[in-house]
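Take a look at the structure set out below.
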Amino acid sequence: MASDRGKKFRHYRRLDTLREYLLIDSETMSIECYRLNDRGKWELTSYLMDETTKDATEPDVHITSIDFDCPLSQLYEDVEFLEDQDN
């Protein structure tokens, strides 16, 4: 994902219509959402399964550019993660 945050993202930011850029991790339930704010700066919102909200529920992923909301786990429904191979 390092190249997705670096070189690729630099190129994508040149697109006038790009407002959000999501990086969906394939190894853990984790999403990084880069969103262009009103001042023209990119802000990061992270969605991590090991974090809970104020009411102790899992985070909802919100994609503002398409007005989409859903629980993080739903995006990973039926995904089977490989076990840690270091053990």
Side-chain angles (χ1 to χ4, degrees):
M1 273 192 352
S3 68
D4 295 321
R5 280 187 209 94
K7 194 175 197 178
K8 286 182 188 180
F9 190 31
R10 277 194 304 275
H11 290 291
Y12 291 145
R13 288 190 306 237
R14 295 179 187 163
L15 300 171
D16 292 336
T17 56
L18 184 67
R19 296 292 175 256
E20 286 178 294
Y21 181 66
L22 276 74
L23 297 174
I24 301 175
D25 196 315
S26 62
E27 297 177 0
T28 63
M29 284 193 197
S30 172
I31 296 176
E32 293 178 358
C33 177
Y34 293 87
R35 189 172 291 123
L36 189 63
N37 68 23
D38 294 337
R39 298 178 316 271
K41 302 291 183 186
W42 288 93
E43 296 178 335
L44 170 63
T45 301
S46 295
Y47 302 97
L48 305 169
M49 195 59 186
D50 60 354
E51 292 181 349
T52 57
T53 61
K54 291 178 184 177
D55 61 356
T57 61
E58 71 177 270
D60 275 350
V61 176
H62 184 66
I63 305 171
T64 59
S65 60
I66 59 172
D67 194 26
F68 175 82
D69 283 292
C70 81
L72 179 60
S73 63
Q74 192 170 358
L75 293 176
Y76 284 92
E77 186 176 14
D78 297 327
V79 173
E80 293 181 26
F81 295 104
L82 296 176
E83 294 296 320
D84 185 6
Q85 297 179 8
D86 291 336
N87 294 331

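Note that the coordinates shown come from a computational prediction; the quantities given were computed from them, not determined experimentally.
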Sequence neighbours left out, what passes side chain to side chain contact (heavy atoms under 4.5 Å, CB included) with Leu22? Give chain and number order. Glu20, Ile31, Cys33, Ile63
Qualifying salt bridge (Lys or Arg N to Asp or Glu O under 4.0 Å) pairs, either residue in residues 69-78, two or more places apart: none
Listed once per pair and sorted, the salt bridge (Lys or Arg N to Asp or Glu O under 4.0 Å) pairs that draw on residues 36-48, sequence neighbours left out: Arg39-Glu43
For Leu44, enumerate each residue passing the side chain to side chain contact (heavy atoms under 4.5 Å, CB included) test, keeping only those at least two apart in sequence or located in another chain. Glu32, Tyr34, Ser46
For Trp42 and Leu18: C-alpha separation, side-chain torsions, deciding distance, then whether side-chain contact (heavy atoms from CB on, under 4.5 Å) applies. CA-CA 11 Å; Trp42 288 93; Leu18 184 67; 3.9 Å; yes
Would you please name every residue forming a side chain to side chain contact (heavy atoms under 4.5 Å, CB included) with Arg10, sequence neighbours left out? Lys7, Arg13
Is there a side-chain contact between Ser30 and Met49 in this structure, where contact means two heavy atoms from C-beta onward sitting under 4.5 Å apart? no
Just by distance, do the side chain of Tyr47 and the backbone of Met29 share a donor-acceptor pair under 3.5 Å? no
Just wondering, do Val61 and Leu75 contact through their side chains at under 4.5 Å, heavy atoms? yes
Applying ring pair (Phe, Tyr, Trp, His ring centres under 6.0 Å), can you list everything that pairs with Tyr21, at least two apart in sequence or on another chain? Phe9, Tyr12
How many angstroms lie between NE2 in His62 and CG in Asp67, if you round to the nearest 0.5 Å? 5.5 Å
Hits for side chain to side chain contact (heavy atoms under 4.5 Å, CB included) against Glu27, two or more places apart or cross-chain, chain-then-number order -> Asp25
